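Chain A is the first sequence line, chain B the second, and so forth, proteins listed ahead of strands; every chain is numbered from 1. Only a predicted model underlies this, so the values are computations on that prediction, with no experimental measurement involved.
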There are 2 protein chains.
Amino acid sequence: MVALAPPHSETDGCSIQATLAVISDRWTLLILRNVFRGVRRFGEMQADLDIARNILSDRLSKLVEHDVLEKVPYQHKPTRYEYHLTAKGADLSPALVALMGWGDRWYTDGQPPTVLIHEACGTPVVQRLECPSCQSEVLPHQIRSQPGFELVSPTSEELS
Amino acid sequence: MVALAPPHSETDGCSIQATLAVISDRWTLLILRNVFRGVRRFGEMQADLDIARNILSDRLSKLVEHDVLEKVPYQHKPTRYEYHLTAKGADLSPALVALMGWGDRWYTDGQPPTVLIHEACGTPVVQRLECPSCQSEVLPHQIRSQPGFELVSPTSEELS
DNA sequence: ACCTATAAGTTGCAAATCGAAACCCATCTG
DNA sequence: CAGATGGGTTTCGATTTGCAACTTATAGGT
C-alpha cells in the first residue's frame, strides 16, 4: 500500500477535489475519451454515447467553462462549433490512460478491448512511476507523500 | 493530441465505462484517497471529508460490493470494521496519482499541496508512458489505440 | 440501575439533479 | 414551401443527494 501523509483537508487533497469538481460524473470522462479519439461534434457524441441531449449540452458547456474543451467554428451560416481539447484538456491523457488501464485489468476476461501501442514500433505501452534522479521505476509502496511547501514532518502512519 | 481509433461502442470503451460505473461520483475517489492515506474508519472519513453519513455508508458498501475495499474487523463486542484496500483497490493507485497530478498542474498557483516522493532518495516521482521494447519514454502523441483482438485497421483519423 | 459517551450506521423528507421526449431555430436541398 | 440537418433548450416525472434525527450495541462512571 502507498504510505501517504495524514490528511489535513484545508491545504491538502484539494488537487483531487478540484479535479473531481471537473470530471466526476458519469458522462464527462466518456465525452473526453471520445474527443481524444476525434469525436468532436454534438451529434456524433450524442449518437455514440447515447446520452440525453440536455445532459450532453450541459457537460460540454461546463467543460468549456473549465477550459478543458474549447469551441472551434467549423462552418458559418449557420455557425457550428466543434469541441477541441485545450492544453489543459489534453493533459488529462495520463489520467484517462490510467483509468482505462484499471478497467482493462479488472473488467475484461480476455484481451482488453483497446490497447495503446507505441506508434513507432507497435508495442503496447505501459504507464509507470519513475524517479528522475535514480532513473529507475518506483513501485507504489516505494513512494511517500509529502506536503508541498510546509515543512511538516508527517507523523508516520502505520501500514495495513 | 493522441491519435485514437474511431469509436465502436459495443466492444470498445467499456473499460472506461466499467471504471466509471465504480468510481464516477463526487465522493468515491476522495474516500479512496483517504483509504490510501490510512483513513479507514467510518467516523474518521466522515469527519475528514464532511460527507453525509448515509452517502458515506452507501459509497462504502458499493466499494465493498465492487471488491475495491473489504471490511476487516478491528474489534469485537461490538464488532466494528475498518475498510481496507483489496488488490483491485490498491491497483487504482496510478489513476489516483494521475488525477492528483492533473489537479496539481492546473489548480494550484504555487507548489502543489502534496508531492509524491521516492522514499529511497527523496526525489519527486513522475508518471510516464514507456515502451517496454524500445525502453524509452512515449509521449502522448506517439501512441495509437488499437482494438484488442479484432484485426481492424483503424481508418486513420485526421488530427486537429 | 441509570446516565453518558463512542462507533457505525439507518430513516425520513425536502431539494437538487437526471433523463426521455418534445419542441425550437437557422439554414440548405428539392 | 416541405423536409432534412445540426445543435441545442424546455418540460416534467423519476432518481439521487444531503441534512437532521433516530437506532443499535457496548463500555465506563456513580
From CA spacing to verdict: side chain to side chain contact (heavy atoms under 4.5 Å, CB included), B:Tyr83, B:Lys71
CA-CA 5 Å; B:Tyr83 295 88; B:Lys71 289 172 84 161; 3.5 Å; yes

To the nearest Å, how far apart are [X] [atom1] and [N] [atom2]?
{"X": "A:Gln46", "N": "C:dA21", "atom1": "CD", "atom2": "P", "answer": "11 Å"}
{"X": "B:Gln75", "N": "D:dG28", "atom1": "CD", "atom2": "P", "answer": "11 Å"}
{"X": "B:Asp58", "N": "D:dC19", "atom1": "CG", "atom2": "P", "answer": "15 Å"}
{"X": "A:Glu44", "N": "D:dG6", "atom1": "CD", "atom2": "P", "answer": "9 Å"}
{"X": "A:Arg40", "N": "D:dG7", "atom1": "CZ", "atom2": "C1'", "answer": "18 Å"}
{"X": "B:Asn54", "N": "D:dC19", "atom1": "CG", "atom2": "P", "answer": "9 Å"}
{"X": "B:Leu20", "N": "C:dC18", "atom1": "CG", "atom2": "C1'", "answer": "16 Å"}
{"X": "A:Ile55", "N": "D:dT11", "atom1": "CD1", "atom2": "C1'", "answer": "13 Å"}

Just the atom pairs and distances: protein N or O near nucleotides 21-26 of chain D's N or O, under 3.5 Å.
unit_1, atom_1, unit_2, atom_2, d
D:dT26, O3', B:Lys77, O, 3.4

Does the side chain of [Y] come within less than 4.5 Å of [X]'s, by heavy atoms?
{"X": "B:Val126", "Y": "A:Pro132", "value": "yes"}
{"X": "B:Ile51", "Y": "B:Met45", "value": "no"}
{"X": "A:Phe36", "Y": "A:Leu85", "value": "yes"}

Are there more than 12 heavy atoms of other residues, nucleotides or ligands under 6.0 Å from atom CD of B:Gln75?
yes

So which nucleotide from D:dG8, C:dT10, C:dG19 ends up closest to the side chain of A:Trp27?
C:dG19

Do any side-chain nitrogens or oxygens of [X] fall under 4.0 Å of OP1 or OP2 in [N]?
{"X": "A:Tyr74", "N": "D:dG7", "answer": "yes"}
{"X": "A:Arg26", "N": "C:dT17", "answer": "no"}
{"X": "B:Ser57", "N": "C:dG9", "answer": "no"}

CD1-OH distance between B:Ile16 and A:Tyr107, expressed to the nearest 0.5 angstrom
13.0 Å

To the nearest 0.5 Å, atom CZ of B:Arg59 lies from atom CG of B:Leu49 at 12.0 Å

Ranking A:His76 and A:Asp50 by the position along DNA chain C of their nearest nucleotide, the one closer to 5' is A:Asp50

